[in-house]
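Read through the structure below, which is laid out as structure tokens, and then see the notes.
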Amino acid sequence: MTITTVSENACFGGTQGVYEHRAESLDCTMRFAVFKPPQSQSVPCPVVFWLSGLTCTEENFTVKAGAQRYAAELGLVIVAPDTSPRGVDLPGEDEAYDFGSGAGFYLDATIAPWSKHYKMESYITGELPALIFKHFPARADKQAISGHSMGGHGALTLGLKNAETYASISALSPIVAPSQVPWGEKALTGYLGDDKSVWGAYDATALINDGHRHPNTILIDQGTADDFLERELKPDLFQAACDVSGQPVDIRMQDGYDHSYFFIASFIGEHLAFHAKHLAD
């Protein structure tokens, strides 16, 4: 569980770093970003795991979202991993933006050749946090999860399946029902096969329908000007499932906002404050 420091920069009284390690669950070398707030110089701090969307690496959120200012004020560690294995050279891995490199969908693939490396669920919920709690001033008893688009899908599914681990869940523009939209159908078929009965483990709406719950309200922000809203995101499907099941959810439709990092930057402060409230002692 050794890590290599790629870069570290002073940031809002804390440190923004990028690190590299050999990921055994993915059988490749991975990078991840960690923001350490100024409070972490004296005590371990609560941690928010941020999952990015299609085509992203650990860099996009770290550079574009403006999250460090808020995390420094709130005393939150932020961990931003990459979105897929890298450098494994699988056939067709780099042919499409929505499958393969940059599109791990935060699941554990079962279909060859993807099953050898594409184990992002195991990485995000097991290997990476173990590494974080070993090397960084983050509290294992105070974890939250959030993400955008494909990463919002990951935050919802991993959060619901590990409700005892994550005190709170939030998402921006999440893919809430991948089994019912083109992005998800392509990814789930490629990674898991044609048997749709196994897809539900990686579909937030299906998980709610299957009885998974989180004790706290789930926060979701969705822009009304998002080009992917009607075709790929469909928040109404998740809302309907939560309404039937009694799962508390707050889906806020934000007028005029699109799918970009301008949207994320506009609301990331509110999301971090939401998590800080649930992570407070």
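Every value quoted in this text rests on a predicted model; they were computed, and no experiment measured them.
- For Lys64 and Phe262, the positive end is not near the middle of the six-membered ring at less than 6.0 Å and at most 45° from its axis.
- Just one residue in the list His135, Glu8, Arg31 forms a side-chain hydrogen bond (donor to acceptor under 3.5 Å, both in side chains) with Tyr19, and that residue is Glu8.
- By the 30° and 60° cut-offs, the orientation of the rings of Trp183 relative to Phe228 is tilted.
- In this pair, His153 and Tyr106 present their aromatic rings tilted. The plane angle is within the 30 to 60° band.
- Between His259 and His148, the angle of the ring planes lies from 30° to 60°, which puts this pair in the tilted group.
- Around CD of Glu164, the count of heavy atoms belonging to other residues, nucleotides or ligands within 6.0 Å exceeds 12.
- If you look at Phe267 and His271, their ring centroids are not closer than 6.0 Å.
- Ring geometry for Trp114 versus Tyr118: interplanar angle over 60°, hence perpendicular rather than tilted (30 to 60°).
- Heavy atoms from other residues, nucleotides or ligands lying under 6.0 Å from CD of Glu59 number 12 at most.
- Taking the six-membered ring where tryptophan is involved, the planes of Tyr191 and Phe105 are tilted, since the angle between them lies from 30° to 60°.
- Side-chain atoms of Glu58 do not come within 3.5 Å of backbone N or O of Val79 as any donor-acceptor pair.
- Thr125 is listed as a side-chain neighbour of Tyr166, based on a closest heavy-atom distance under 4.5 Å.
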